[in-house]
Number of protein chains: 4
Amino acid sequence: MARSARYRPVQRRSRATIDNILDATARLLVRHGYQGLTTNHIAAEADIGIGTVYRYFADKNELLAALRDRASAEMTQELIKAIGASLSFEPAVAVRQLFVCLVDALERDRAIISALASEVPMGLQSNILPAVEGQIAQFCRLFIAHRRPDLPDTEVEEYVYIGMTLAFSAALRIAVEREPQMDRQRLIDRAADVLTVWIESTAAATA
Amino acid sequence: MARSARYRPVQRRSRATIDNILDATARLLVRHGYQGLTTNHIAAEADIGIGTVYRYFADKNELLAALRDRASAEMTQELIKAIGASLSFEPAVAVRQLFVCLVDALERDRAIISALASEVPMGLQSNILPAVEGQIAQFCRLFIAHRRPDLPDTEVEEYVYIGMTLAFSAALRIAVEREPQMDRQRLIDRAADVLTVWIESTAAATA
Amino acid sequence: MARSARYRPVQRRSRATIDNILDATARLLVRHGYQGLTTNHIAAEADIGIGTVYRYFADKNELLAALRDRASAEMTQELIKAIGASLSFEPAVAVRQLFVCLVDALERDRAIISALASEVPMGLQSNILPAVEGQIAQFCRLFIAHRRPDLPDTEVEEYVYIGMTLAFSAALRIAVEREPQMDRQRLIDRAADVLTVWIESTAAATA
Amino acid sequence: MARSARYRPVQRRSRATIDNILDATARLLVRHGYQGLTTNHIAAEADIGIGTVYRYFADKNELLAALRDRASAEMTQELIKAIGASLSFEPAVAVRQLFVCLVDALERDRAIISALASEVPMGLQSNILPAVEGQIAQFCRLFIAHRRPDLPDTEVEEYVYIGMTLAFSAALRIAVEREPQMDRQRLIDRAADVLTVWIESTAAATA
DNA sequence: TATGAATGAGTTTTCATTCAT
DNA sequence: AATGAATGAAAACTCATTCAT
């Protein structure tokens, strides 16, 4: 907000230092949660001076946003690769494969995801998933438009919206919030069933 | 530390004052988000002394928890009433009715829900929905067990888990996060379709 | 300070209520120390309203002063009785008897003495012992003046001052601050020795 | 609570700043007593920001403890020097010299001693004298053990305990609590007499 | 006379941010 | 470019005291 008006000299910024800071932040977030995550902590964990942190990030919010963006980008990349690999399978199989991959990805980053999503008081701003979801949605849009050129844009948009919601929220639950006594594999099967049934029913309905 | 037990006199606490404080908190949360939500602000908004806030709530967390519980209870009540009213319809219709009711309820409380869920840094602790969802899930469990006494408990549990996830996450999106250009009614229809199709397919599969 | 100017209607004050308040204060002081000793606590412990406390004591300081005075008076009374009983013995024996009695008295009230003396931030104002000591010193003065009418007042005063200091500080240590592995009886003997030797030497010197 | 360990960066701490803070605290304590001794006042008196106080001391207690330790160390140092200087004199003379030195030291620091001992509500924790006394007692133990190797340890311990109690409490009275009309020199003489007589009597008794 | 709900000035403490070195 | 000592606004919370009932 106040940021754009602040004087900021043109300077060479070291990618390595930025990653060092971001890594330190992620480590602390996973280790202790947002409570007690201070910029001074971050500097100490990254083994640099606090002043250096502020050479690379205008303020704490910007730092957290950069962390969010980096995590989003990594996860997006991974999912897009999985989509590429699934393209040759038939829809029902592909959907299941992608869903498994999504749960895996969320599970791997569960700590950082849940820390950023549910502890950092930046509102939805700090959430990693919307960005990831937006990217993936883009692919789905193209895919559907390619397969069903007859559907109007708004309808495509609605399918994508519902589909993304279902896929991501189910995967998130299974990966991050699942209670220990529930069976991971069976939940994945059930959720994939829903997606498959739904896709098939809509394909039939609009055929 | 040395104080063995917090002093808390037995006393008559005024329901009106508690509601006044909770209302003020909700108003501030909706208006400005969690950032800047201080106990002093709350007292000022409620037009009482800061000491009074601490007469009724041991600390800020307890206050927020009370707000969460009140909102949860209200929403749960409303949904249970809707469930009662839907009991006589056939499944497909009932599901649609209930889903509409859920979206309505979430929409009505959207401000407080999203503020508590995504801005208060208490982790999932501050989220209203889990409590509501848990209550409703209880009903679904009973209902399914009644209609399908042959299903083992763990399977019922899985269906409920997936069903609740789908219903609540879809409804939450439509009510709270829907982008303005999307049509509310059509999204509700699509989401209800998913639920209906899924319920019918599982009924058929296990028949 | 501001107290004398405060309006205070002439009223009947119940001795029982005052003692109730003082007892409650003493109990809390012994139980939890000065930390956490609030007037509201005191009222709750005494099972009366906080307003009632302020009907009987202008402020917290006055309450504490009343407690100090009451404890002082009780201890003084007890010691004076012991002095009366020792009067017929010869000096060396009497001194030892009185010293034992002093240690006993301090030990009995150790909790309240140490709480008031070392935790209440009223400076020396809160200490019980000066008042007790002053009263006892008065007796000693009379006794010495009676036995040694030839000594000038200032000299009597000095003897009393030194004697009181030695007796009370030694007794206080033995009763309140003694480390557990030290033998109470032997310490009493040693301390009584000092007093006896000193008294005899001064008697001889001035003879 | 959730913060696993207090963040405390490894850093160069300026001795000058610490002393500045401690000096300011001592000044305020002497000037106004413990009442009204707030960390904010200390910062203002030291002419630094409140944050700086907390860079050097974790909390108010630690600050007060540091002040106590500094005062203790200074006084101990001084007394030990005096002991060294007295070692060549015969006992009666040495005792008197040391007692005078003790009264001097206490008198010099009377303000801070009485403030810390009788106003800071940390119990005996805040008292300067126990630490000083403990150090000096150590010397006496060694000295007695050297002169009277036949005495059992517990007996030495008792003599030291009684002797320290007498010396310190008498000196404290004379230095800090003496009423103005009493003659300092004569009180010192009387008190030194007690110590001398006692030492000689015990030497004779155990010879 | 007794009550106890309400008060708010005052306290400790935190931590994002600056800037002289 | 990097540093880290210093900062101080702001937050949570306490508790002696008042006063309407």
Side-chain angles (χ1 to χ4, degrees), chain A residues 2 6 9 11-14 17 35-44 47-63, chain B residues 3 6-7 9-14 17 36-44 47-61 63, chain C residues 2 6 9 11-14 17 35-44 47-63, chain D residues 3 6-7 9-14 17 36-44 47-61 63:
Chain A
R6 201 197 303 286
Q11 60 190 308
R12 198 182 305 281
R13 305 231 189 90
S14 149
T17 304
Q35 285 297 82
L37 181 78
T38 73
T39 51
N40 286 288
H41 264 279
I42 292 170
D47 203 29
I48 57 174
I50 176 63
T52 307
V53 172
Y54 281 87
R55 283 196 68 72
Y56 287 87
F57 299 98
D59 56 26
K60 200 187 181 187
N61 267 346
E62 193 173 279
L63 198 168
Chain B
R3 183 98 63 87
R6 182 181 289 283
Y7 166 71
V10 178
Q11 64 190 315
R12 201 178 305 282
R13 306 242 185 82
S14 149
T17 305
L37 182 77
T38 75
T39 49
N40 286 289
H41 285 168
I42 292 170
D47 203 30
I48 56 175
I50 177 62
T52 304
V53 172
Y54 283 89
R55 265 190 80 69
Y56 288 87
F57 300 99
D59 56 26
K60 201 186 176 187
N61 267 347
L63 198 169
Chain C
R6 200 197 305 285
Q11 60 191 308
R12 198 182 305 280
R13 305 231 190 90
S14 148
T17 305
Q35 286 295 83
L37 181 77
T38 73
T39 50
N40 286 290
H41 265 278
I42 292 170
D47 204 29
I48 57 174
I50 176 63
T52 307
V53 172
Y54 281 86
R55 283 197 68 73
Y56 287 86
F57 300 98
D59 57 25
K60 201 186 180 187
N61 267 347
E62 192 172 280
L63 198 167
Chain D
R3 183 98 64 88
R6 184 182 288 283
Y7 166 69
V10 178
Q11 63 189 318
R12 200 179 305 283
R13 308 244 184 82
S14 150
T17 304
L37 182 77
T38 75
T39 50
N40 286 290
H41 285 168
I42 292 170
D47 203 30
I48 56 176
I50 176 64
T52 305
V53 172
Y54 282 88
R55 265 190 79 68
Y56 288 87
F57 300 98
D59 56 26
K60 200 185 178 187
N61 266 348
L63 198 168

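Letters A, B, ... mirror the listed sequences (proteins, then strands); counts begin at 1. Quick note: numbers below take in every heavy atom, side chains included, and nothing from hydrogens, waters or symmetry partners.
- The residue B:Thr52 sits close to a base: some heavy atom pair falls under 4.0 Å.
- Following rounding to the nearest Å, C:Arg55 (CZ) and F:dC19 (C1') show an atom-to-atom distance of 12 Å.
- At whole-Å resolution of the value, CD1 in B:Ile50 and C1' in F:dT17 are 18 Å apart.
- Rounded to whole angstrom, the span from the CD1 atom of B:Ile42 across to the C1' atom of E:dG8 amounts to 17 Å.
- Partners of D:Thr17 by side-chain contact (heavy atoms from CB on, under 4.5 Å), not counting sequence neighbours, listed by chain and number: D:Ser14, D:Ile21, D:Thr52, D:Tyr56.
- Along DNA chain E, the nucleotide nearest C:Gly51 and the nucleotide nearest A:Thr39 are compared for position; the residue whose nucleotide lies closer to the 5' end is C:Gly51.
- Taking OG1 of B:Thr39 as the start and CG of B:Leu37 as the end, the distance is 8.5 Å to the nearest 0.5 Å.
- For the pair A:Phe57 CZ and E:dC15 C1', the interatomic distance rounds to 19 Å; values are reported in whole Å.
- Rounded to an integer number of Å, the gap from NE2 of D:His41 to C1' of E:dT12 is 13 Å.
- Considering only residues two or more places apart in sequence or on other chains, B:Thr38 meets the side-chain contact (heavy atoms from CB on, under 4.5 Å) condition with B:Asn40, B:His41.
- Closest heavy-atom contact between D:Val53 and D:Ala43: CG2-CB, 3.8 Å.
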Pair pattern of DNA chain E in dot-bracket, where unpaired bases get dots and | marks partners in another strand, Watson-Crick or G-U under 3.5 angstrom: .||||||||||||||||||||

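- The separation between D:Asn61 atom CG and E:dT11 atom C1' is 14 Å, rounded to whole Å.
- At whole-Å resolution of the value, OH in C:Tyr54 and P in E:dT7 are 18 Å apart.
- In this structure, D:Gly49 and C:Lys60 both approach DNA chain F, and ranking their closest nucleotides by distance from the 5' end singles out D:Gly49.
- A donor and an acceptor atom never sit less than 3.5 Å apart when one is taken from the side chain of B:Asn40 and the other from the base of F:dA10.
- Toward the 5' end of DNA chain F, the nearer of the two residues A:Val53 and B:Thr38, judged by each one's closest nucleotide, is A:Val53.
- Within the structure, a side-chain polar atom (N or O) of D:Thr17 is placed less than 4.0 Å from OP1 or OP2 of F:dA6.
- Nearest to the side chain of B:Tyr56, among E:dA6, E:dT3, F:dC13, sits E:dA6.
- Rounded to a whole Å, the CG atom of D:Leu63 is 15 Å from the C1' atom of E:dT11.
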